[in-house]
Each structure stands twice: as C-alpha cells, then as structure tokens.
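Throughout, a chain's letter reflects where its sequence line sits, starting with A, and its residues are numbered from 1. Here the structure is a predicted model, which means the values were calculated and not measured.
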Amino acid sequence: MASLLIVDDDPDLAELVENALVHEGHDCRLAQDGREGLALVEARWPDLVLLDVEMPILDGPDMAQAMFLRNCGTENIPVVLISGIIGLPAIAARVGTPYFLAKPYSLSALSRLVTRALAERIPPHPAPPHFEVQL
Amino acid sequence: MKSCDPCPTALLGKHTAILRGGFAMIVLAFLLSNVVAIAEMHSAAARERRLIDRAFSSVDLISRITRDVDQQRLLIDAHIFTSAPEIRKKIEGTLGSLDADYAKAIRAYDPLAKSENERAAWQDLRRAIATAMARIDKVLALSRTDQDAEAIVALEGQFGMVDQAAARLNQITRDNSHRCLAMMRDRQRDATILLAGITLGGTALAMMVALWVSRALRRAREKIHRDAALLEERNRELNAFAGRLAHDIRGPLTTIGLSAATLNKDVPQDDKALASMQRAAARMETLIEDLLTLSRIDAQGGEAVADTTEVVGLFEDELRRSVIAVNGKLRVDVEPAELACRAGLLRQVLWHLGQNAVAYRRPDVALELAIVGRERGRTYQFLISDNGSGMTPEEVRRAWEPLYRGERARAVPGSGIGLTIVKRVVDSCGGTVSIESAPDRGTTVVIELPRT
C-alpha cells in the first residue's frame, strides 16, 4: 500500500482515479490545483504524485518544479504526468520524469504505470534552464 | 461577407498586362520616332543633293554659255584681224560648231531655271546673246570685205551686255542655292529637335511606367507578404486550436472510459461513476454544440436586420432569472434601433456575454450586470459591463482564441468558445468588439455595430 497524491482540476476524473486506486489498496488524497497539491505534499510526503498538466492557479509542471526547488526531500518524490495535451512527452522531458500517461487511458494502463513508478521510484530530473550568454 | 481585396495573383496579372502594354507603347513610340526622323533626314539629304547637283549644273551651263560667247568674240576678233580667206573660212566653221554647242547648253539650262527671278534673268541673258548673235552675221560680212573698222564698231558693246546678264543670272542662281540650303538646314534642325523631343518624351514615359509598375509590384509583394504572414498565423492558430480541442475532448473521454471501467469492475460508488459519465457526456455535448455554432455563423441565412429591443426581449427574462439565482442585479437600458445584423446572431452574442458575467462573478461580491445600448451616429454601441473577476491583460489579448480559457476561468465549467463566437458574429456583421477589464474589478465588453 502506498500513499498517493492525485492533483487534477477535473473533480469527476480525480474521484474516479481515486476510487480505482483505493480499490487497489492505495491511500489517496486529492487536490484541485498545484498550490493545493503543494500544501498536501508539505503536510505529508506522498510516495507518488499523479499530476495533471493544465490547472488553474499553479499548473502541473510548475508544481513539480516547486517540489524540486524546495530541496528538502520532496524532490525525490516520483511524479506521473497525466494529460490530454499535445506534446506530453516533451513536457515530461522538461519536468524530467520518465512517467507520463496520455488521456484517454484505461484503468489497467494507469494501474501498470503506478505500479512501475512505485517500484522504480525515479525522481524527476528537470533539464537545466537554458541561458543564452552573449560574450 | 465583407468583399475581399483583389487577390495578389490577379493584382500581379493586371500589373503584368499594364507593364506589357506600357512597354509595347514605348517601343512603338521609339520605332515610330526613328522612322519619322530617318525619313525626314533622308528626304532632306536627297533634296540637298538635288539642290547641289542643280546648282553645279546651273553654274556649269552658264559658264559653258559664257565660254562659248567669249570664244565667239575671240574668233570674230581673229576673223576681223586676219586677211587670209582660208583662215576666215576655218573660223566661220568653228563659229558654227560653237553655235550648236550654245544651242545645246540653252536647251539644257532652260528647265533648270524655275524661280521667277531666275527665269527673268535667264530670258535677259538669252535676249542679250540673241542680240549679240544677230550682230555677228553683220560683223562677219563686214570683215569678209575687209571693212575692219566698221566691223569693230558694229561689234562694240554687244558682248558686255551678255557678260552683265550672265553675271546677274549667276548671282541669282547662287542666292537661290544659298536660300534653299538654309531651308534644308532648318528642316534638318527641325527633324533633330523632333527626334530629341520624341526620345525625351519616350524616356520620360518609360520612366513613369517603370516607376508606376515598380510601385504596383511593391504593393503586390507587400500584400503577398501580409497574406503569407496572416496565413502562417492562421495555421499556428489552427494547430493550437486542434491541440486544445484534442485536450478538451480527451478529458471527458477519459472520464467516460474510467467510469465505464469502474461500473464494469463492480467498484463501489457506482452512482458516482454514472453521474461522472453523464457530466462528461454533457461537457462534450456543450463543446460540440459551441463548435457547431461557431462553424455555422457565416452560413446563417435570414434578413440581416435586428431590432435591438426585440432581440433583448428574446433573452432578458431568462438572463434575469440566472442573475437573480446568484443574488445579482441586472440592468437593461437599450435604445430602440435597427442594426445590420441577424437577430438570432445578435441574441447569441448578448446571451453569451450575459452568461459569462454570471459564470465569472466574484464569489464574495454580489453580481451587477448592465446591458446598455446607445445610438452613436451611423453605428450602435452595446456596453455589457459587470463587476466580476475580470481578466489580466494577457487573458484579454487571447480572449478571442477558440478554446482558450484563462487560468482562473478553468475553475468554472465552460467550452472556451463563447467569446470566439461573439467576435466571429460581430466581425460577420461588419462591427467591432473590444474588452476593457482588470482582475477583481470587472469587465466591460464594447460592441459597435452598423445601423441599417
């Protein structure tokens, strides 16, 4: 059993995912945006964060970046990006996580990815910011 | 639909035709001017040549006549002073051949004397010669009888008149030749001036045509660049639209799929899964309806005349109920007028903006929505203002993009197409629409529409 944090601004979808993962024996908490997600991470570190990309107030990549920059252990929490956005692999590469799931997905695909992420626990390694230096 | 500017290809075709016509005219003008100038110069040269030939012939013939007359004088003198009859006979023979040559010269000169004064001088010379010749027979007769003194007296003065008449004719011929030459030079000068004028005119015309065509081509090129940039922008918008559409459809599709799987697996809370599925289906339906509305705006038929009060009456009650349901206030103050827009489309515009005001109200502030319509000269202005959550400048800038939803707007259900529909309708009616907004201060949408 693992502690999971689901961050998604679609409450129906978040509840469905929660319901399915609870059914598999995980402990799930829900947040509707990145800021709320960060607060829940601070309150108790989850084993895995399931993160939507486009959200109000603070979006998924920015929340992952904030977790990385805090550098007090939250940077080691693996992140699964879940979205229907075009170019999700590129966004996942920018965030630095090997785990991403494109919508629409099946429960089995979700379950497999969560199991894999919990087994590997590879933390995000964001690409270093690109600076243009003029000499 | 607003009529389009001529397309760049047609513009280029038109300019190419004008370019070809212009240059054909220039080439024709140059060819014509050269032909005229060459013909004029050839004509002048031929006339000058004829004039010179005639002048030479005249001088030659007059010299020949005077030479013959001088020879006759010398021969008569010899006839008088000699006493040998055989010499006299020989001299008389020579005089006879000189007469024949003289008559030939006269025949040759006669057609050359054309001007009045020249003919008069020529007649004088002929008369003087005839007078002299008439005396010669008498002189010869006196000489044959050795009456030399009488012969000399009879001859005296006769040839002086001939010399004077010949000199006068020579002078007239020379004057006439000089005058004609001066006239020829004038004509040559005129031809040169004509050629220079045509050349300068043609060059000026060529430069004007080239300038005009280069300007026209530059305008066409600029239009092509503008159109290409617009097309590129439209392509980018289309790509972004396709991406956002895919995203907005995949969300509810995932919800439906997971709900179905949940129901199938007999997971607890089946009712919730069913409700989620229904809501996701409703979201997709709204999205599809809005997309269809957007795509049909330009295709809608009917008379393009809308009565403002009638249009507002179509939705005012329903909108008022929505506003009162959230404890808000609605103020409608619309001057009656007829606008050049379809009533159904105008209703959609005002309805969408009213619904937006309800949806994006501030939770802690009672909604105040006002729809005001005023005539402004040849146009009519609608002001739809609220005290809702407002928009950032970036959100205002991107508000018309299809499916775009501001960061805070995403928390409220919606398709993100409403404002796109508003903009498309106003554009199709030939009007303008703008947004004045600030976060947590409210929004005012200003619409200007043409009156009938």
Side-chain angles (χ1 to χ4, degrees), chain A residues 6-26 28 30-37 50 52-63 80-91 100-114, chain B residues 236 238-284 287 359-360 363 389 391-392 395 403-414 416 439:
Chain A
I6 301 162
V7 189
D8 198 318
D9 61 335
D10 183 342
D12 284 337
L13 188 56
E15 270 190 37
L16 282 165
V17 172
E18 181 197 22
N19 200 18
L21 293 175
V22 166
H23 188 65
E24 289 189 4
H26 298 296
C28 294
L30 296 183
Q32 287 214 340
D33 59 64
R35 195 168 60 188
E36 200 182 324
L50 303 175
D52 187 13
V53 173
E54 286 196 323
M55 287 183 294
I57 303 172
L58 188 67
D59 66 19
D62 284 350
M63 180 186 159
V80 178
L81 284 181
I82 301 175
S83 177
I85 199 166
I86 301 283
L88 182 61
I91 296 169
F100 57 90
L101 192 58
K103 291 177 184 175
Y105 53 85
S106 64
L107 272 182
S108 57
L110 175 69
S111 177
R112 276 201 304 277
L113 187 61
V114 168
Chain B
R236 273 199 298 272
L238 192 63
N239 285 337
F241 173 72
R244 283 198 293 270
L245 185 62
H247 173 264
D248 288 2
I249 289 174
R250 282 169 178 167
L253 206 58
T254 310
T255 305
I256 291 169
L258 293 186
S259 302
T262 306
L263 289 169
N264 202 28
K265 278 190 171 181
D266 198 22
V267 178
Q269 298 184 351
D270 283 358
D271 291 348
K272 275 193 174 179
L274 196 60
S276 295
M277 195 189 279
Q278 285 168 339
R279 278 194 293 272
R283 271 167 62 193
M284 289 181 77
L287 179 63
Y360 302 111
S389 55
M391 289 187 269
T392 64
E395 286 168 343
L403 300 172
Y404 173 76
R405 305 194 74 207
E407 203 172 78
R408 287 170 303 168
R410 286 184 214 144
V412 179

For the residue pair B:G251 and A:K103, what are the closest heavy atoms and their distance? CA-CD, 4.2 Å
Heavy-atom pairs under 4.5 Å with chain A, option from B:A246, B:G257, B:S259 with the top count: B:S259
Which value, rounded to the nearest 0.5 Å, describes the distance between A:D12 atom CG and B:Q278 atom CD? 10.5 Å
Proximity breakdown for A:Q32 and chain B, heavy-atom pairs closer than 4.5 Å: neither
Could you check which of A:L110, A:L16, A:V22 has the highest count of heavy-atom pairs closer than 4.5 Å to chain B? A:L16
Which of the residues A:P11, A:A102, A:G84 is involved in the greatest number of heavy-atom pairs with chain B at under 4.5 angstrom? A:G84
Distance col, row B:T255:OG1 vs A:E15:CD, nearest 0.5 angstrom, shows 11.0 Å
Non-hydrogen atoms of B:T254 and A:P104 that approach each other most closely: OG1-CA, 3.1 Å
NZ/NE/NH1/NH2 to OD/OE distance under 4.0 Å, A:D10 and B:R283: yes
For the atom pair CG (A:L13) and CZ (B:R279), what is the distance rounded to the nearest 0.5 Å? 11.5 Å
Counting only heavy atoms closer than 4.5 Å, note whether A:S106 contacts chain B via side chain, backbone, both or neither. backbone
